[in-house]
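Below you'll find the structure, written out as structure tokens, and then a few comments.
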Amino acid sequence: MMDYSDKVMDHFENPRNVGEIEDADGVGQVGNPSCGDIMKMYIKVDDDNKISDVKFKTFGCGAAIATSSITTELVKGKTLDEAKELSNQAVAEALGGLPDVKMHCSNLAADALRKAINNYLGIETEEEDDFHCHHQHG
Amino acid sequence: MMDYSDKVMDHFENPRNVGEIEDADGVGQVGNPSCGDIMKMYIKVDDDNKISDVKFKTFGCGAAIATSSITTELVKGKTLDEAKELSNQAVAEALGGLPDVKMHCSNLAADALRKAINNYLGIETEEEDDFHCHHQHG
Amino acid sequence: MERIYMDNAATTATDPTVLEEMKPYFTEVYGNPSSFHSFGREARDAVREARDKVADLISADDAKEIVFTSGGTESDNYAIKGVAEELKDKGKHIITSSIEHHAVLHTCEYLEDKGFDVTYLPVDEDGLVDPADVKDAIREDTILITIMLANNEVGTIQPISEISEIAQENDITIHTDAVQAVGSIPVDVNELNVDLLSLSGHKFHSPKGIGALYIRQGTRIEKYLHGGAQERGRRATTENVAGIVGLGKAAQIAGQNLEEKQAKITQLRDKLIDGILEEIDEIKLNGHRTKRLPGNVNFSIRYIEGESILMKLDLAGIAASSGSACTSGSLEASHVLLAMGLSAEVAHGSLRLSLSKYNTEEDIDKVLNVLPEVVSDLRAMSPIYNQD
Amino acid sequence: MERIYMDNAATTATDPTVLEEMKPYFTEVYGNPSSFHSFGREARDAVREARDKVADLISADDAKEIVFTSGGTESDNYAIKGVAEELKDKGKHIITSSIEHHAVLHTCEYLEDKGFDVTYLPVDEDGLVDPADVKDAIREDTILITIMLANNEVGTIQPISEISEIAQENDITIHTDAVQAVGSIPVDVNELNVDLLSLSGHKFHSPKGIGALYIRQGTRIEKYLHGGAQERGRRATTENVAGIVGLGKAAQIAGQNLEEKQAKITQLRDKLIDGILEEIDEIKLNGHRTKRLPGNVNFSIRYIEGESILMKLDLAGIAASSGSACTSGSLEASHVLLAMGLSAEVAHGSLRLSLSKYNTEEDIDKVLNVLPEVVSDLRAMSPIYNQD
Ligand SMILES: Cc1ncc(COP(=O)(O)O)c(C=O)c1O
Ligand SMILES: Cc1ncc(COP(=O)(O)O)c(C=O)c1O
């Protein structure tokens, strides 16, 4: 069912900013392996409250990997406030759109980033109910 | 559904003994136009109680025409007793077989002949219930 | 012997262009459209294109409203059983006509067995349903009206837009079996204003075994084939990709210059009708003289029986069809002709000659040449000719 | 880029010989098999021959026991709904397994909605149903047992003859979905001793959209498609003649040297399995090691997800499949793998490589060359790799 845009394919084939940041200022993880995707975001924050570095690791489908990758590109150099504003829609649009059934993947990447920012800011995020996969149905 | 033998086709294309006998000794008709077939048999009987001439007219399908035709051939020159014995099975076999759904047609020709013989012999034949078509179902 | 095919209402030859279009989808582009990989994507793209073409032919608003099926029968079964099952809590009454194709009639009879109540509307002597009868038949519990667009035996075209207006006023789902119409005459689901429409490819030069059901968005219908999530969950089974591509191409070709082709075939039809009327006496044209399919000619020829006519024509190289029960091994004469008021006797002597774009002027001449002799030969053999 | 197709369990390429055989039935021998004339007769003869060939392949006693359908899904729907409807006064209990294809499972779920009671038997870690479980599940009101012959995801072959013995002892109708088995391994309806058997052409090099249901003489079953009297009244609709001819030819070809071809494919399969086990760690072969289809290879590869494996393989020119829900847009990981006891996490990382007679030694080498790198690339990206 998946017909990905060239942009998605590019980010899948050549994902940007893969990896971990050993001394990250903030780390956020969302997803659940039993649902088929987990994303983990690492951020470094500089003195201007800007994201100076960001890396990700993702277990998931092509869209999950591509949305992770583009999210890191979109927020690198942005202030935390700007980065927090990043919407799921914006992520999907930056990739030239996502198949309907894959829209949940773009949710995950922005969520993981917000979690990482909140982690840096010391804000506890509510654990979501991981017993049910939160995917949308196609 | 009809796949006729060469013999059926031959009798359909070149029916033997078509017509009426003006001064017939016996005439028999069976069938019902609303059921899709009527056969009328005319016989001449000679002094030896043999069928010296026989003709038919048929309104009906290919099998009806072919069975009529071959029936006239089969009984010409036969004694009335022999002719009365002609079975539906024998008519069908003489034609190299008939499709299952057409087996009723071979019944008709023998029936019409028997009616003509009975007519000659002065035997009243019971009218069959013509309100229902007596065809077999395929 | 050169043979002439005049049984296009039964099925048509696949257009060679259609076959060409299909060929790669057997041995080269053979992926499963549900598959993730490039083979699957190619097949998916082909199915999408074909769906667009079919949607175009019937002016559907959205290609998503087209569900591919295995033919007209499945489309009819799906539409009627699907709506009946879905809406049975609302009511169990269905309205149809007495001259539907068996795919509709036997499905309705099946539903009667299951506790549904079906009204079979009469038709007039031309085979037309009166919209007023539809209106009168509507009850509180009517959930579906299913009336064919064009009849397969006599070609009569029903006033579906008028009937659908009545359906709409009463908030009743309406289906039309347009199997004989699509590809032959312009068919527009919005002009017809129907919720469901059945079509079948092999009636307009695509191969057999592929058809479609148009399902207007928002129509409540239960699915028919259960299994995988193909066709947006509305019809499970691996898509018949080559067939779908063929149907799409046939739809595209049918839509091109449709009116022109229709006019040409109508002209051949009228020549055939007029010629037969001139050459043969004691016959009756069945179906409406003008509200009829461009390719349909149907006569009852008195005193003789249909199968024997067909056999003689076949021997002369002409392929035709009959409403006689004798050609199908069934008991009764054509239910369509009987519903139009013909006696069984006359109905048994009916002959259908149905034309397509491949028929020519010469074909017509040949039939006009052969048929009169066939008729007089058989009449000479008939015990009921010249008797009254 | 030369592409390698290893998704033959999803669908296969039509054999060019099959296509050749079909071609005349589009544009030349295009008659309707129900038609009376010579065009019809030619089509009828072709259908008859094809029916014989299909009957031969599964050693049916009589070709009349073969009913052509639009594919495996329709065969399954027909068999299960048809028996359920026919016998519902006798009882409403059906026994199946938890690893059936959706064509069976969703049909059973549909019947549950309609008031039937379905037992979904568990399987062991290899995907095998225990005949003792079938025996235990039988009730007074059990009317149908439907268990697949070979599983489409993991290739496990079920002990159907043992199960049918139990069915027979208890006088219960038994159906088997043999869609994955027919054409791949010898299938004999009398050895299996089943009443009904589904098969689908596109799994063994006939085109998509054509299949068959074997119905043993005397089996009580309601018809599924209502309409004309085709297929001896058991399936209405104008026959898909070209498709039927294709299915017949494919059946004939499949039956030729079946054991030899099976041995060759099995050898390729084992090379692939052994090679993968050697090259990649933390993986698990799914399905029974030996009681499996000759062409089926299915691994769960830990820490990575199936769709991304497929994408990387596709980019390298290898077409495969996965039990990951992510490839189908559905929520849950493969119900088959879960039923076999895998965790959802592991199930999401599964990869199916399925072979046909067209695969070669070189194909295997290519996969063994490409796959390890794909896995290590994705694992390097995975947040759950190297963490425990
Ligand atoms: C009016 C009508 N409806 C339905 C059908 C059934 O179509 P199919 O043979 O494609 O199942 C036909 C033709 O056979 C038809 O003429
Ligand atoms: C085991 C099994 N049953 C049924 C089906 C359905 O067959 P089809 O796609 O021909 O409807 C398939 C394949 O899709 C299958 O693998």
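Predicted, not measured: the structure shown is a model, and the values here were computed from it. Here is the naming used below: chain letters follow the sequence lines, and residue numbers restart at 1 for every chain.
- Using a 4.5 Å cut-off between heavy atoms, C:Asn32 contacts chain D through both its backbone and its side chain.
- Salt bridge absent: C:Asp15 and C:Lys249 never bring a charged side-chain N and a carboxylate O closer than 4.0 Å.
- Residue pairs meeting the salt bridge (charged side-chain N to carboxylate O under 4.0 Å, His left out) criterion with at least one member in residues 233-248 of chain D, sequence neighbours excluded, are D:Glu74-D:Arg235.
- Residue D:Leu105: no heavy atom, backbone or side chain, is found under 4.5 Å from chain C.
- The side-chain contact (heavy atoms from CB on, under 4.5 Å) check on C:Ser200 picks up C:Val179, C:His202, C:Lys203, with sequence neighbours excluded.
- Contacts of C:Ala320 with chain D are made by backbone atoms alone, with heavy-atom separations under 4.5 Å and no side-chain atom involved.
- Remark: aromatic rings of C:Tyr5 and D:Tyr30 are close, center separation under 6.0 Å.
- Per-residue counts of heavy-atom pairs under 4.5 Å with chain D were compared for C:Val241, C:Asp7, C:Ile244; the largest is that of C:Asp7.
- Interface remark: of the candidates C:Leu19, C:Thr12, C:Ile318, C:Leu19 forms the most heavy-atom pairs closer than 4.5 Å to chain D.
- Heavy-atom proximity under 4.5 angstrom to chain D picks out C:Met22, C:Lys23, C:Phe26, C:Thr27 from residues 21-29 of chain C.
- At a 4.5 Å heavy-atom cutoff, C:Thr69 makes no contact with chain D through either its backbone or its side chain.
- For C:Lys114, the part lying under 4.5 angstrom from a heavy atom of chain D is the side chain only.
- For D:Ser356, the side-chain contact (heavy atoms from CB on, under 4.5 Å) partners two or more places apart in sequence, or in a different chain, are D:Asn8, D:His205, D:Tyr358, D:Asn359.
- Contact of D:Lys81 with chain C is made through the side chain alone, with heavy-atom distances under 4.5 Å.
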